[in-house]
Student: 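Pasting a structure below so you can have a look.
Please read these numbers as outputs of a predicted model, since none were measured by experiment.
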Amino acid sequence: MLDLHYWSDQPMEPFFHSHMFYEVYYFHGGKCNYLIGDQIYELAPGDLIIMYGMTLHCAKTDPTVEYIRSIIHFEPTMLQPYLELPHARNVLQPFQQLNNYRLRLRGEDKAEVERILARMNEYQKRGDTIGENRLRLAFVDLLYYILDLCEQPLLHRNRQEYSSEKEATVQRIISVLEERYTEDINMEQLEEQLHLSKSYLSKLFKEVTGVTIFHFIYRRRINEAKILFLMQPELTVTEVCFRLGFKHLAHFSRLFKQYAGMTPEQFRKREPIL
């Protein structure tokens, strides 16, 4: 499966989601804070993000600014024929080793990626077999370009930078939540650990991410529940519920259906996505 989308529209409400396939996200323009796992990025045009399956992510955008991005979803198995060619390189390596990673493209790097994305968009619009094959070849070219960029020493493990104290503070909050999301955590505990008032914590987190702290915690728990059901199918719904910090099975089931669109039991019984 290879699916390319180019969107230019007004921003939507922040929506946490995850999926089994890999993703390449390219930011063309707008104003956006992007939350991926336990990292938050303030994006600038030319930022490219690679994502490695099942990672919870969400875009918080400015409703007054047009939000423009290209998103590619793909199954890694579709690349197998290209990985078996003579002298082929493992173009999935950045996804496998860096997991979720931002590249800040500027100058010719930015222009080249945008040229490849434009070609892919044109090939996809053709709707015939030649267009489909050229789309796949252009995508492989994009992945080789990403691999080349990730091998550059200065980009391989760049330090997270924040444009403001607000983003840095929210990153601290997210790091704490990632460590403690399965615990019976409350705002008083966060206030004590982070040395910030709970009212300020709540307001700042919502301002930067677009969601409340407890929405983040519950969505993180449900995402982890989906991973556990997929990776450890022998676990019961009750075991997963209490392992992730829920006190009541009914509460867990209600939230799971709200976020996943089906009950935990239905999710466990569905056919796995290969």
Student: Assess the side chains of H5 and S70: does a donor N or O sit below 3.5 Å from an acceptor N or O?
Tutor: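 On atom types as modelled, these side chains do not qualify, holding no pair under 3.5 Å.
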
Student: Please lay out, stage by stage, how E265 and R268 fare under the test salt bridge (charged side-chain N to carboxylate O under 4.0 Å, His left out).
Tutor: CA-CA 5 Å; E265 291 82 1; R268 287 181 74 241; over 6 Å; no

Student: For T209 and C58, work out which heavy atoms get closest and say how close.
Tutor: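 Minimum heavy-atom contact is O-SG, 4.5 Å.
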
Student: Answer yes or no: is there a side-chain heavy-atom contact under 4.5 Å between C150 and L98?
Tutor: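 Yes, at least one pair of side-chain atoms sits under 4.5 Å.
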
Student: Using 30° and 60° as the class limits, which term best fits the ring planes of F246 and F252: parallel, tilted or perpendicular?
Tutor: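 Rings of F246 and F252: tilted, 30 to 60°.
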
Student: If you look at every heavy atom in Q93 and L147, which pair is closest and at what distance?
Tutor: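 Looks like OE1-CD1, 4.0 Å.
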
Student: Can the ring centres of H28 and Y67 be said to be less than 6.0 Å apart?
Tutor: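 No.
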
Student: Do side-chain atoms of Y144 reach the backbone of R89 as a donor and acceptor pair under 3.5 angstrom?
Tutor: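 Indeed, once roles are kept as given, a pair shorter than 3.5 Å links the two residues.
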
Student: After noting the C-alpha distance and the side-chain angles of H215 and Y259, does the key distance pass the ring-ring contact (aromatic ring centres under 6.0 Å, His included) rule?
Tutor: CA-CA 11 Å; H215 178 96; Y259 293 131; 5.5 Å; yes

Student: Are a donor atom and an acceptor atom from the side chains of E23 and Y52 found within less than 3.5 Å of each other?
Tutor: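 Side chains of E23 and Y52: no pair found under 3.5 Å.
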
Student: Mind listing the side-chain donor-acceptor pairs of residues 117-126 below 3.5 Å, one per line with the distance, residues two or more places apart or on another chain?
Tutor:
unit_1	atom_1	unit_2	atom_2	d
Y123	OH	R134	NH2	2.8
Q124	OE1	L4	N	3.3
Q124	NE2	L4	O	2.8
R126	NE	D128	OD1	3.3
R126	NE	D128	OD2	3.4
R126	NH2	D128	OD2	3.1

Student: Can you tell me if Y145 and D109 form a side-chain donor-acceptor pair at under 3.5 Å?
Tutor: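 Short answer, yes.
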
Student: Test your reading of the model: is there a side-chain donor-acceptor pair from R106 to the backbone of P45, 3.5 Å cut-off?
Tutor: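 Yes, R106 side chain to P45 backbone: donor-acceptor pair under 3.5 Å.
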
Student: For this output row, return yes or no: ring centroids of F74 and F21 closer than 6.0 angstrom.
Tutor: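 When the ring centroids of F74 and F21 are compared, they turn out to be at least 6.0 Å apart.
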
Student: Ignoring hydrogens, what is the shortest heavy-atom contact between L83 and N90? Give both atom names and the distance.
Tutor: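 Scanning both residues, the minimum pair turns out to be CD2-CA, 4.0 Å.
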
Student: Determine, for R115 against E108, whether the closest basic-nitrogen to carboxylate-oxygen distance falls under 4.0 angstrom.
Tutor: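 Salt bridge flag = yes for E108 with R115.
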
Student: Would you check if the side chain of N100 reaches a backbone N or O of M51 as a donor-acceptor pair within less than 3.5 Å?
Tutor: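 Not at all, since once roles are kept as given, no pair shorter than 3.5 Å links the two residues.
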
Student: May I ask you to decide whether E114 forms a salt bridge with K110, counting only side-chain N to carboxylate O separations under 4.0 Å?
Tutor: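 Yes, this pair counts.
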
Student: Determine the minimum heavy-atom distance between I213 and L201, stating which atoms define it.
Tutor: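 Closest approach of I213 to L201: CD1-O, 4.0 Å.
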
Student: Run the side chain to side chain contact (heavy atoms under 4.5 Å, CB included) test on D148 and I146 for me, step by step, so that the C-alpha distance in whole Å, both residues' side-chain angles and the decisive distance to 0.1 Å come before the verdict.
Tutor: CA-CA 5 Å; D148 192 23; I146 291 172; over 6 Å; no

Student: Under the side chain to side chain contact (heavy atoms under 4.5 Å, CB included) criterion, do L103 and D47 qualify, and how do the steps go?
Tutor: CA-CA 6 Å; L103 290 163; D47 283 1; over 6 Å; no

Student: Taking E239 for its side chain and T236 for its backbone only, find out whether a donor-acceptor pair lies under 3.5 Å.
Tutor: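 Side chain of E239 to backbone of T236: a pair is present.
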
Student: Start with the C-alpha distance between L190 and L196, add both sets of side-chain angles, then the distance that settles side chain to side chain contact (heavy atoms under 4.5 Å, CB included), and finish with yes or no.
Tutor: CA-CA 8 Å; L190 291 176; L196 297 167; over 6 Å; no

Student: Which pairs pass salt bridge (Lys or Arg N to Asp or Glu O under 4.0 Å) with one or both residues in residues 188-203, sequence neighbours excluded?
Tutor: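 Salt bridge (Lys or Arg N to Asp or Glu O under 4.0 Å) check on residues 188-203 returns E188-K198.
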
Student: At their closest point, which heavy atom of F242 faces which heavy atom of K247, and how far apart are they?
Tutor: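 Here F242 and K247 meet closest at CE2-O, 3.3 Å.
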
Student: Report yes if some heavy atom in the side chain of P76 is under 4.5 Å from a heavy atom in the side chain of L92; otherwise report no.
Tutor: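 Yes, at least one pair of side-chain atoms sits under 4.5 Å.
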
Student: Does the pair C32 and T61 meet the rule for a side chain to side chain contact (heavy atoms under 4.5 Å, CB included), with working shown?
Tutor: CA-CA 4 Å; C32 178; T61 55; 4.0 Å; yes

Student: I'd like to know if the side chain of R220 reaches the main chain of Y181, judged simply by a donor and an acceptor atom lying under 3.5 Å from each other, with no hydrogens or angles considered.
Tutor: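 Here the side-chain-to-backbone pair does not exist.
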
Student: Is the terminal nitrogen or CZ of R69 (NZ for Lys, CZ for Arg) located under 6.0 angstrom from the six-membered ring centre of F27 and within 45° of that ring's axis?
Tutor: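 No, a cation-pi geometry is absent between R69 and F27.
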
Student: Indicate yes or no: at least one non-hydrogen side-chain atom of K257 is less than 4.5 angstrom from one of M262.
Tutor: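 Heavy-atom side-chain distance check fails, nothing below 4.5 Å.
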
Student: Nearest 0.5 Å please: distance from the CD atom of E84 over to the CG atom of L79.
Tutor: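 E84 atom CD to L79 atom CG measures 11.0 Å (nearest 0.5 Å).
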
Student: Under a plain distance cut-off of 3.5 Å, with no hydrogens placed, do Q193 and Q189 share a side-chain donor-acceptor pair?
Tutor: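 Result is no, nothing qualifies.
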
Student: Rounded to the nearest 0.5 Å, what's the gap from CE on M78 to CG on L2? Could you check?
Tutor: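 M78 CE to L2 CG: 4.5 Å, rounded to 0.5 Å.
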
Student: Walk me through whether H73 and Y25 qualify under ring-ring contact (aromatic ring centres under 6.0 Å, His included).
Tutor: CA-CA 9 Å; H73 294 151; Y25 171 100; over 10 Å; no

Student: Side chains of V211 and L35: closer than 4.5 Å at any heavy-atom pair?
Tutor: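 They are not in side-chain contact.
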
Student: When the ring planes of H57 and Y34 are compared, do they come out parallel, tilted or perpendicular, using 30° and 60° as the limits?
Tutor: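 Geometry flag for Y34 against H57: parallel rings.
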
Student: Describe, in one word, how the ring planes of F229 and F267 are oriented to each other, choosing from parallel (under 30°), tilted (30 to 60°) and perpendicular (over 60°).
Tutor: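 Ring orientation, 0 to 90° scale: tilted.
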
Student: Grab the two heavy atoms, one from V208 and one from K60, that are nearest each other, plus how far apart they are.
Tutor: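 Shortest heavy-atom separation between V208 and K60 comes out as O-CG, 3.2 Å.
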
